[in-house]
Amino acid sequence: MKNLILFNRDGNGADELLGCIGMIGHGINFEIWEPLIPLGIRDVAGIIGWEPIEKLAEFYENGCRPDDKEFPASCVMPLHYLQQAVAYFTWIKIIPTLDAGHDSNGRSKRLGENERGMTALQEFKDEENIKRLAYEYVDLLVESLDRGIFKWWTDSERYKLREGLLVRSKETFDMYYMTGSHRLFVTLLPIMREVQGVSIAPVLGDYLGKLLANEKEIVNKIFDTAARALVLLTMKKAVERLPVEVIPEGIVQVQQSQPVRQRLKAEKEAREAVALSLGNDGEKQLERLAAIIAEMEANDDLDGTVLGPIVHSKGLTY
């Protein structure tokens, strides 16, 4: 993989970073940030893949000059959101080290005579907020890529994970479980493929192909139930598996001002309760889907035509 450049193209890296993180009260030393920026880029690539990042980096290196093909004017906002996401992910890696003084004798915390340090809870809440902002900008990035329908995005490996799924967009997903998050939808795609293959496809059988082919009669009868089961069971696995900061606020987070250890314990219990509820509801939808399909197949077996007489050895039957 080539070295990607998202900042300091014209020697203004510090100003570019400050434009991405406006809440920093003092100037930025770009030399401190520069070695860690590739780690921030890697964090974003872990969510959306490398292809869109490489294309937006190419757009940046070329001076952000739109053309009529790969880089229309609508590339400007995705690039800006990418830079902001990378800046915040990089910032969260820098802050703990900047807080400490390093020398040949080790590290220490240096405070002025009238200064007070932050409590552990304050530091934790600050770092959690920076992570949340990083994910929010990834969300804006994915939304702008989806809306822009860039070929290098729709042809990427991460986007192609949607192929063959019953639920292929964030908007459809939100009809059955509201997350409001584009980047979470991208993160859920591998889990959704697993759930569809293991739990949904065996129940649907041949109807899966008919749903994917958008056969209207079949879609009207079973798509809603099948999609709801898929979404609920996907969210169950997501709550069980994904790091808590990946999941948007309002799904399982516990908002309380308690020591960090107690807060994490409460959050774990909340995740378990939510996952159990999602699993129960998802299984109910699977049972309903199986019942609908059984009824459809039973009706298909009934032939409404009137047959002629059939000759048996003991007489005629109709």
Side-chain angles (χ1 to χ4, degrees), residues 44-52 135 138-243 246-248 251 274-275 277-293 296:
V44 180
I47 301 173
I48 68 171
W50 285 104
E51 297 98 320
Y135 284 113
V138 176
D139 201 278
L140 283 172
L141 171 59
V142 175
E143 181 179 7
S144 65
L145 292 175
D146 280 348
R147 291 181 182 278
I149 316 179
F150 304 103
K151 190 175 187 331
W152 37 264
W153 169 235
T154 55
D155 286 346
S156 69
E157 290 300 319
R158 200 59 55 98
Y159 189 92
K160 287 182 178 178
L161 288 174
R162 308 179 191 209
E163 294 178 0
L165 285 175
L166 292 173
V167 177
R168 293 189 285 272
S169 73
K170 173 259 184 189
E171 288 73 21
T172 304
F173 193 97
D174 281 354
M175 291 172 60
Y176 301 100
Y177 195 96
M178 175 61 72
T179 66
S181 174
H182 291 264
R183 54 92 183 165
L184 179 62
F185 178 76
V186 173
T187 304
L188 292 176
L189 290 173
I191 298 177
M192 217 182 318
R193 295 185 72 86
E194 175 190 342
V195 171
Q196 181 169 304
V198 173
S199 301
I200 310 299
V203 177
L204 287 175
D206 294 339
Y207 291 107
L208 175 59
K210 296 179 180 181
L211 286 175
L212 295 176
N214 202 29
E215 293 188 16
K216 187 173 182 180
E217 182 180 358
I218 302 300
V219 168
N220 290 340
K221 289 181 178 179
I222 61 175
F223 176 80
D224 187 75
T225 304
R228 192 179 304 278
L230 173 60
V231 167
L232 291 174
L233 293 176
T234 296
M235 284 305 303
K236 171 185 180 293
K237 290 188 178 296
V239 170
E240 292 173 336
R241 296 178 179 178
L242 296 180
V246 174
I247 300 175
I251 296 180
V274 171
S277 175
L278 287 166
N280 290 338
D281 291 343
E283 291 297 331
K284 289 177 183 177
Q285 293 299 316
L286 270 185
E287 293 172 3
R288 182 167 181 263
L289 178 62
I292 294 172
I293 290 175
M296 290 168 59

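Just so we're clear, the structure is a prediction, and the values are computed from it rather than from any experiment. Atom set for the values below is all heavy atoms of this structure, side chains included, hydrogens, waters and symmetry mates excluded.
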Donor-acceptor pair, distance only, cut-off 3.5 Å: does the side chain of [X] make one with the backbone of [Y]?
X: Thr234; Y: Leu230; value: yes
X: Asp139; Y: Tyr135; value: no
X: Arg183; Y: Ile48; value: no
X: Arg158; Y: Gly46; value: yes
X: Ser199; Y: Gln196; value: no

Among Gln285, Arg228, Met235, which residue meets the side-chain contact (heavy atoms from CB on, under 4.5 Å) test with Tyr176?
Arg228
Can you name the closest pair of heavy atoms from [X] and [Y] and give their distance?
X: Arg193; Y: Glu163; value: NH1-O, 2.7 Å
X: Gly282; Y: Ala229; value: O-CB, 4.1 Å
X: Leu211; Y: Val219; value: CD2-CA, 3.7 Å
X: Thr172; Y: Ser169; value: OG1-OG, 3.0 Å
X: Thr225; Y: Ile292; value: OG1-CD1, 3.7 Å
X: Phe223; Y: Leu166; value: CE1-O, 3.4 Å

Going from [atom1] on [X] to [atom2] on [Y], what distance comes out if it is rounded to the nearest 0.5 angstrom?
X: Met296; Y: Ile218; atom1: CE; atom2: CD1; answer: 4.0 Å
X: Leu233; Y: Leu278; atom1: CG; atom2: CG; answer: 8.5 Å
X: Arg147; Y: Leu140; atom1: CZ; atom2: CG; answer: 10.5 Å
X: Phe173; Y: Leu165; atom1: CZ; atom2: CG; answer: 10.5 Å
X: Glu287; Y: Glu283; atom1: CD; atom2: CD; answer: 7.0 Å
X: Glu171; Y: His182; atom1: CD; atom2: NE2; answer: 5.5 Å

Can you see whether Tyr159 engages Asp146 through a side-chain donor-acceptor pair at a distance of less than 3.5 angstrom?
no
Report yes if the side chains of [X] and [Y] come closer than 4.5 Å at any heavy-atom pair, otherwise no.
X: Trp50; Y: Glu157; answer: no
X: Lys221; Y: Glu217; answer: yes
X: Ile200; Y: Leu286; answer: yes
X: Leu232; Y: Lys236; answer: no
X: Leu204; Y: Lys210; answer: no

For the pair Val186 and Arg162, evaluate side chain to side chain contact (heavy atoms under 4.5 Å, CB included) and give the outcome as yes or no after the intermediate values.
CA-CA 9 Å; Val186 173; Arg162 308 179 191 209; 4.1 Å; yes
Can a salt bridge be assigned to the pair Lys160 and Glu51 using a cut-off of 4.0 Å between side-chain N and carboxylate O?
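So Lys160 does not pair with Glu51 through a salt bridge.
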Might you confirm whether atom CG of Asp206 has over 12 heavy atoms from other residues, nucleotides or ligands at distances under 6.0 Å?
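No, CG of Asp206 has 12 or fewer neighbouring heavy atoms, counting only those of other groups under 6.0 Å.
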